[in-house]
Amino acid sequence: MTKALDLRVYGGVQGVSFRYYTQREARRLGVNGWVRNEPDGSVAAHLEGNDAAVDELVLWCRTGPSSARVERVETSDVAVTGATSFDVRD
């Protein structure tokens, strides 16, 4: 079954390669979607994939790369868009 989530990560998550590490993890897990920095200093992402893979990526985002300082992660269920890759957006 395909699951889709929008995710927002808050804390010290910009300037620490959070987006690129997220892309690496997503590709490893077979999750599609995108990730981008937001003007408020958070990181936003759209994740699509099988339930277990999406859940594992959300769990990874709760810690992120070792240089990140994650304060909180918010998720919301959304409609599947049919994403076929995982991209870093500016």
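Owing to the predicted nature of the structure, the values given are computational and were not obtained by experimental measurement. Positions are given from 1, in the same order as the sequence printed here.
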Q.
Test side chain to side chain contact (heavy atoms under 4.5 Å, CB included) on Trp34 and Val88; report intermediate values, then the result.
A. CA-CA 6 Å; Trp34 51 263; Val88 173; over 6 Å; no

Q | Test log, rule side chain to side chain contact (heavy atoms under 4.5 Å, CB included), inputs Glu38 and Val13 | A | CA-CA 10 Å; Glu38 294 294 319; Val13 293; over 6 Å; no

Q) Going through the distances and angles, do Glu56 and Arg28 end up as a salt bridge (Lys or Arg N to Asp or Glu O under 4.0 Å)? A) CA-CA 11 Å; Glu56 189 171 339; Arg28 183 181 70 81; 3.5 Å; yes

Q: Dump the intermediate steps for side chain to side chain contact (heavy atoms under 4.5 Å, CB included) on Glu25 and Gln23, then the final yes or no.
A: CA-CA 5 Å; Glu25 287 299 308; Gln23 181 185 49; over 6 Å; no

Q: Show the numbers, then the answer: is there a side chain to side chain contact (heavy atoms under 4.5 Å, CB included) between Val78 and Leu5?
A: CA-CA 5 Å; Val78 296; Leu5 292 177; 5.5 Å; no

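Between the CG atom in Asp90 and the CG atom in Asn37 there is a gap of 8.5 Å [rounded to 0.5 Å]. Note that OH of Tyr21 is 14.5 Å distant from OG1 of Thr63, once rounded to the nearest 0.5 Å. Summarising the geometry, atom OH belonging to Tyr10 is positioned 11.0 Å from atom CD belonging to Glu71; distances are rounded to the nearest 0.5 Å. Residue Arg36 holds its CZ atom at 9.0 Å from OG of Ser42, rounded to the nearest 0.5 Å. Note that CG of Asp6 and OG of Ser76 are 5.0 Å apart. Values are rounded to the nearest 0.5 Å.
Taking the centre and axis of the six-membered ring of Phe86, the NZ or CZ atom of Arg27 falls outside the cone set by 45° and 6.0 Å.
Taking both residues in full, the closest heavy atoms of Gly49 and Val54 are given as N-CG2, 3.4 Å, listed atom of the first, atom of the second, then distance. The two residues Leu57 and Thr22 come nearest to each other via the heavy atoms CD1-O, 4.3 Å. Minimum interatomic distance between Ala83 and Gly33 (heavy atoms only, all atoms of both residues): CB-N, 3.8 Å. Taking each heavy atom of Ser67 and Val16 in turn, the nearest pair found is OG-O, 3.2 Å. Listed here is the closest heavy atom pair of Cys61 and Leu7: SG-CD2, 4.1 Å. Nearest heavy atoms, Leu47 versus Ala45: CD2-CB, 4.0 Å.
Glu48 and Thr2 share no side-chain donor-acceptor pair at under 3.5 Å.
The aromatic rings of Trp60 and Phe18 lie tilted to each other, with the angle between the two planes from 30° to 60°.
Under the 4.5 Å side-chain criterion, counting only non-hydrogen atoms from C-beta, Thr75 is in contact with Val58.
Ion pairing of Lys3 with Asp77 is absent here, as no side-chain N (NZ or NE/NH1/NH2) approaches a carboxylate O to less than 4.0 Å. For the pair Asp87 and Arg19, the salt-bridge criterion is not met [side-chain N within less than 4.0 Å of a carboxylate O].
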